[in-house]
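Because only heavy atoms are used, hydrogens play no part in the values below, and waters and symmetry mates are left out as well, while side chains stay in.
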Amino acid sequence: MLLVGPDYRGHRGGIGAVISVHKDLYEEFNFIASHRPLKNNFLKAMYFTKQIIKLIGFLSTRREIKVVHIHSSKQGSFYRKLIIACIAKLIFRKKTINHIHSGNFKRFYDSSNPVSKRLICFFLKLNDVTFTVSDSWKAYFETSFHLKNVHKINNIVIPHQQDSGICAGKKNGVVYFLFLGMIHPDKGIFDLLQVLKEHRIELLNRIKLFIGGSGQTGQLEKTIEAGDLGEMVEFKGWVTGSEKDNLLQFSDVFVLPSYYEGSPVAVLEAMSYGTPVISTTVGGIPEIVQQGFNGWLHRPGDQGALLKAIMYYINDPENIKMHGTRSMQMIEDYYPRSVEPQLSSVYSSLLS
């Protein structure tokens, strides 16, 4: 087995997070990185060329490798994986799995030119198996591209236990919200800040929002300053390791008002810490967040509904623990012990 995807070491995305857990599921973890977040496109192209040479050398010398498991997304990631799949499938005659993580694939395909659409269809149909991260995306690929061997494979997260010591410092009357993800309008972060700005007086001293992520950080900081949100909002930058763990332990409610998603790892991680979730009715999110059960859902861009969900937890904080407990119960299907048998079954069917 060979896995191919973005470099998971020091990852800044959901695919890297998934691969970082996947690596512990295999007796022998064979991995070739296809992408690394370098400074410019020239360096990225040089790195990819070097990795293609490494891939060819690996498959030439490791004849026992029968399956190449490719983690793909959209845009540049998609076209890199197209080249990799062609090498593995057409030159070395390996079985290939296309593991699609993008939550915005439909827009990527619909906005592509006719030549690109033909390449997309070619790549999708080239592979022996397609993995998706939610039932809704599975249905999309089966219906739109008539793919046959499509499997939903849950994203993997690691179980966590709440540390009561970290949570002990919370102030009475303040509910702590957390956003982790790309700082971009598509993630709904600026919708969230607009809600806080318009209802600042009502929410002051009742809510604290932590934000962790990278992307349009300059615009984020300007928005916080322009809205006079410094007392309510704290931008932590890109967080990882113990800092990220402490934020997830300390926060009461996770919020991701995104416009496009697959099955967001950030939401799954928050649920594994026993946290209720406020999010949107896109991609696979309604499969993991149930309205009024372990969180609240609204249509993307519906700021009124987002405010209503925030006020629900501020006005009825006793529901935070109840919904968080349900989140922790629902997330068990996303732990390694549940996902590993699904992967093994598909691998065995390909090898047989």
Revision key, fill the gap. Under a side-chain separation threshold of 4.5 Å, the hydrophobic residues clustered together with Met46 are Leu38, Phe42, Leu43, Tyr47
Review point. Which residues satisfy the side chain to side chain donor-acceptor pair (under 3.5 Å) test with Lys236, sequence neighbours excluded?
Key: Glu234
Practice item. Indicate if Leu59 and Ile91 have the same hydrophobic cluster label, given that clusters are the connected sets of ILVMFWY residues with side-chain heavy-atom separations under 4.5 angstrom. Key: yes
Point to revise | OG1-CZ distance between Thr280 and Arg299, expressed to the nearest 0.5 angstrom | key: 11.5 Å
Review point. Minimum heavy-atom separation for Gly283 to Ser134, with atom names?
Key: C-OG, 4.4 Å
**Study point:** Donor-acceptor pair, side chain of Ser352 and main chain of Ser349, under 3.5 angstrom
**Key:** yes
Study note, to complete from the structure: In short, Phe123 meets Ala85 closest at the heavy-atom pair CE1-CB, 3.4 Å
Check your understanding: Under 6.0 Å from the NZ atom of Lys23, do we count more than 12 heavy atoms belonging to anything else shown?
Key -> yes
**Study point:** Over 12 non-hydrogen atoms of neighbours within 6.0 angstrom of NZ in Lys95
**Key:** no
Point to revise | More than 12 heavy atoms of other groups within 6.0 Å of Glu27 CD | key: no
Check your understanding: Taking a hydrophobic cluster as the set of Ile, Leu, Val, Met, Phe, Trp and Tyr residues connected by side-chain heavy atoms closer than 4.5 Å, whether directly or through intermediates, do Tyr260 and Val265 fall within one such cluster?
Key -> no
Check your understanding: Is a donor on one side and an acceptor on the other found under 3.5 Å between the side chain of Glu261 and the backbone of Val282?
Key -> no
Check your understanding: Are Ser73 and His101 close enough that a side-chain donor and a side-chain acceptor fall under 3.5 Å?
Key -> no
Exercise for review: Without swapping roles, check the side chain of Thr143 against the backbone of Tyr140 for a donor-acceptor pair under 3.5 Å.
Suggested key: no
Practice item. Taking the side chain as every heavy atom from C-beta outward, state whether Arg107 and Asp186 have any pair of such atoms under 4.5 Å apart. Key: yes
Point to revise | From CG (Leu209) to CZ (Phe179), nearest 0.5 Å | key: 9.0 Å
**Study point:** More than 12 heavy atoms of other groups within 6.0 Å of Arg118 CZ
**Key:** no
Review point. Please walk me through it: do Phe131 and Val346 pass side chain to side chain contact (heavy atoms under 4.5 Å, CB included)?
Key: CA-CA 10 Å; Phe131 284 165; Val346 178; 3.8 Å; yes
Check your understanding: Is a side-chain N or O of Ser77 found less than 3.5 angstrom from the main chain of Ser72, in a donor-acceptor match?
Key -> no
Review point. With respect to Leu124, which candidate in Val150, Leu82, Thr130, Ile100 satisfies the side-chain contact (heavy atoms from CB on, under 4.5 Å) definition?
Key: Ile100
Revision key, fill the gap. NZ (Lys152) and CD (Gln342) are apart, to the nearest 0.5 Å, by 8.0 Å
Review point. If you count the non-hydrogen atoms of other residues, nucleotides and ligands that lie under 6.0 Å from NZ in Lys94, is the total more than 12?
Key: yes
Review point. Do Ser338 side-chain atoms and Glu332 backbone N/O form a donor-acceptor pair below 3.5 Å?
Key: yes
Check your understanding: If you draw a 6.0 Å radius around NZ in Lys197, do more than 12 non-hydrogen atoms from other residues or ligands fall strictly inside?
Key -> no
Exercise for review: Run the numbers on Ile314 and Glu202 for side chain to side chain contact (heavy atoms under 4.5 Å, CB included), then give the verdict.
Suggested key: CA-CA 11 Å; Ile314 290 176; Glu202 179 183 2; over 6 Å; no
Exercise for review: List the steps and the verdict of side chain to side chain contact (heavy atoms under 4.5 Å, CB included) for Asp128 and Val67.
Suggested key: CA-CA 10 Å; Asp128 298 278; Val67 178; over 6 Å; no
Point to revise | Residues, nucleotides or ligands: over 12 heavy atoms within 6.0 Å of Glu318 CD | key: yes
Check your understanding: What's the spacing between Phe78 CZ and Phe105 CZ if we round to 0.5 Å?
Key -> 5.0 Å
Exercise for review: Kindly say whether Gly241 contributes a backbone atom to a donor-acceptor pair with the side chain of Asp245 at under 3.5 angstrom?
Suggested key: no
Review point. Does Asn127 reach the main-chain N or O of His99 with its side chain, forming a donor-acceptor pair under 3.5 Å?
Key: no
Review point. How many angstroms lie between atom CD1 of Ile97 and atom CD1 of Ile153, to the nearest 0.5 angstrom?
Key: 8.5 Å
Practice item. Step by step, work out the ring-ring contact (aromatic ring centres under 6.0 Å, His included) result for Tyr109 and Phe145. Key: CA-CA 11 Å; Tyr109 178 77; Phe145 299 98; 5.0 Å; yes
Point to revise | ILVMFWY cluster, Val233 and Ile207 together (side-chain gap under 4.5 Å) | key: yes
Exercise for review: Look at atom NZ of Lys117 and say whether more than 12 heavy atoms of other residues, nucleotides or ligands are closer to it than 6.0 Å.
Suggested key: yes
**Study point:** Side-chain (Lys81) to main-chain (His71) donor-acceptor, under 3.5 angstrom
**Key:** yes
Check your understanding: Any chain of hydrophobic side-chain contacts (each under 4.5 Å) joining Leu307 to Leu229?
Key -> yes
Point to revise | Tyr259 versus Asn104, side-chain donor and acceptor atoms under 3.5 Å | key: no
**Study point:** Shortest non-hydrogen separation from Arg62 to Glu28 and the atoms involved
**Key:** NH2-OE2, 2.9 Å
Practice item. State, with a plain yes or no, whether a side-chain heavy atom of Ile56 is found less than 4.5 Å away from one of Ser60. Key: yes
Exercise for review: Please answer whether the main-chain N or O of Val253 pairs with a side-chain N or O of Ser251 as donor and acceptor at a distance below 3.5 Å.
Suggested key: no
Check your understanding: With a 3.5 Å cut-off and no angle check, do the side chains of Tyr8 and His22 form a donor-acceptor pair?
Key -> no
Exercise for review: State, to 0.1 Å, how close Ile320 and Tyr313 come at their nearest heavy-atom pair, and which atoms those are.
Suggested key: CG1-CD2, 3.6 Å
Practice item. Kindly give the heavy-atom pair with the smallest separation between Tyr334 and Ile288, and that separation in Å. Key: OH-CG2, 2.9 Å
Practice item. Before giving the answer on side chain to side chain contact (heavy atoms under 4.5 Å, CB included), spell out for His323 and Arg326 the whole-Å C-alpha distance, their side-chain angles and the decisive distance to 0.1 Å. Key: CA-CA 5 Å; His323 285 192; Arg326 292 170 179 171; 3.8 Å; yes
Point to revise | Minimum heavy-atom distance Trp137-Gly103, with the two atoms named | key: CZ2-O, 3.2 Å
Review point. Do Phe122 and Phe141 share a hydrophobic cluster, counting only Ile, Leu, Val, Met, Phe, Trp and Tyr and linking them when any side-chain heavy atoms are less than 4.5 Å apart?
Key: yes
Review point. Hey, does the side chain of Gln291 reach the backbone of Leu297 with a donor-acceptor pair shorter than 3.5 angstrom?
Key: yes
Exercise for review: Calculate, to the nearest 0.5 Å, the distance between atoms CG and SG belonging to Leu126 and Cys86 respectively.
Suggested key: 5.5 Å
Check your understanding: How are the rings of Tyr26 and Tyr347 set relative to one another: parallel (under 30°), tilted (30 to 60°) or perpendicular (over 60°)?
Key -> tilted
